[in-house]
Amino acid sequence: MSDYTSSSFVHMLKALSSSLRLKDVLEAVVVQFNQIGGGAKVAVFLSDNDSLSLKLMNARGYSEASIDQMRILSFQAESLLKQVVQKRQAMYSADLKQATDISASIMGREGSKAQIGLPLIASNLLVGAILLDISDLNVLERMEALKYLSEVASQSIANAILFGRSEYERERL
């Protein structure tokens with residue numbers, strides 16, 4: 001995070017917590033991770049614990065073929081996100097030959113040098129995950145900042161989901 005000033009990092013945090021509308025929060029997550037990832041391709045998934053899958057909610061920079069491949073990823077699908085979900089920790093793959101099937105396919109199609117997966121965990125519950133495909137390996141030096149930003153994103157997303165549910169219930173009454 002050495003190339004980020006504290007004011008730019010505070011700006012990122014403000015952007016993530018500036019709305020309670022889920023659509024706005026997901027867009028802010030994509031924009032902020034794209035920025036800190038040096039123009040990385042970013043995909044945000046929400047967890048569907050009933051069907052044991054991750055559902056693509058917003059993405060930036062990916063080709064249509066990659067987006068189609070990522071629309072719904074089973075928790076057991078051979079991708080970097082499988083490991084992220086199982087271990088509930090940030091992981092990365094910087095070797096196309098060692099990457100799992102889906103990750104290798106996406107990395108090859110997108111011309112990525114590495115792929116980063118970040119869990120979205122709020123109140124000890126899996127909310128979702130973030131996938132970044134990067135072309136600059138120097139981004140890997142920002143892993144701590146990415147992890148911290150994903151923690152803030154997790155809370156912002158969880159709050160937006162709760163707010164949306166309460167608005168729905170309020171309107172129902």
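Small disclaimer: the values here were computed from a predicted structure and weren't measured.
Two residues are said to be in side-chain contact when any heavy atoms from C-beta on lie closer than 4.5 Å; M91 and M143 fail this criterion. Using a 4.5 Å cut-off on side-chain heavy atoms (C-beta onward), L54 and I72 make no contact. Between K23 and N58 there is no side-chain heavy-atom pair separated by less than 4.5 Å. Between Q89 and V84 the shortest side-chain heavy-atom distance does not fall below 4.5 Å. Under the 4.5 Å side-chain criterion, counting only non-hydrogen atoms from C-beta, F45 is in contact with L131.
In this structure, S156 contributes its side chain and V152 its backbone to a donor-acceptor pair below 3.5 Å. Side chain of N34 to main chain of A40: a donor-acceptor pair is present (N/O by atom type, distance under 3.5 Å, no hydrogens or angles). A donor-acceptor distance shorter than 3.5 angstrom exists from the side chain of R142 to the backbone of I36, with no hydrogens or angles considered. A distance-only check finds a donor-acceptor pair linking the side chain of S154 to the backbone of I121 [under 3.5 Å]. Put simply, the side chain of S79 gets close to the backbone of L81: a donor and an acceptor are under 3.5 Å apart. Looking only at distances, no side-chain donor or acceptor of T100 sits under 3.5 Å from a matching main-chain atom of I102. D48 contributes a side-chain N or O that, together with a main-chain N or O of S51, makes up a donor-acceptor pair within less than 3.5 Å.
The pair E78-K82 meets the salt-bridge criterion, with a side-chain N (NZ, NE, NH1 or NH2) lying under 4.0 Å from an Asp/Glu carboxylate O. Taking a cutoff of 4.0 Å between a charged side-chain nitrogen and a carboxylate oxygen, R21 and E27 do not qualify as a salt bridge.
Scanning all heavy atoms of the two residues, the minimum distance from F33 to A153 falls at CE1-CB, 4.2 Å. Scanning both residues, L137 and A94, for their nearest heavy atoms gives CD2-CB, 4.5 Å. Closest of all the heavy-atom pairs between A114 and M107 is CA-CE, 3.9 Å.
For the atom pair S105 OG and Q69 CD, the distance stands at 4.0 Å (nearest 0.5 Å). Atom CD of Q35 sits about 10.0 Å away from atom CZ of R60, to the nearest 0.5 Å.
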Q | L140/I134 under side-chain contact (heavy atoms from CB on, under 4.5 Å): CA gap, chis, key distance, verdict | A | CA-CA 9 Å; L140 295 175; I134 60 172; 4.0 Å; yes
Q | Audit row: D133, I106, side-chain contact (heavy atoms from CB on, under 4.5 Å) steps and yes/no | A | CA-CA 9 Å; D133 275 83; I106 293 168; 3.8 Å; yes
Q.
Evaluate L120 against I130 for side-chain contact (heavy atoms from CB on, under 4.5 Å), listing each step before the verdict.
A. CA-CA 7 Å; L120 295 172; I130 298 173; 3.7 Å; yes
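A single hydrophobic cluster is seen to contain both L52 and L73, as judged by linkage of ILVMFWY side chains at heavy-atom distances under 4.5 Å, directly or through other members. Y92 is not connected to M70 by any chain of hydrophobic side-chain contacts under 4.5 Å among Ile, Leu, Val, Met, Phe, Trp and Tyr, and they are in different clusters. The hydrophobic cluster containing I116 also contains M57, counting ILVMFWY residues as joined when their side-chain heavy atoms lie under 4.5 angstrom apart, directly or transitively. Under the 4.5 Å side-chain heavy-atom criterion for ILVMFWY residues, no single connected hydrophobic cluster contains both L125 and L46. The hydrophobic clustering, which links ILVMFWY residues whose side-chain heavy atoms are closer than 4.5 Å, places V85 and L118 apart.
Under 3.5 Å, the side chains of S63 and E110 contain a donor-acceptor pair of N or O atoms. A donor-acceptor contact under 3.5 angstrom links the side chains of S103 and Q115, judged on distance only.
Across L26, V25, L56, a single residue satisfies side-chain contact (heavy atoms from CB on, under 4.5 Å) together with V44, and that is L26.
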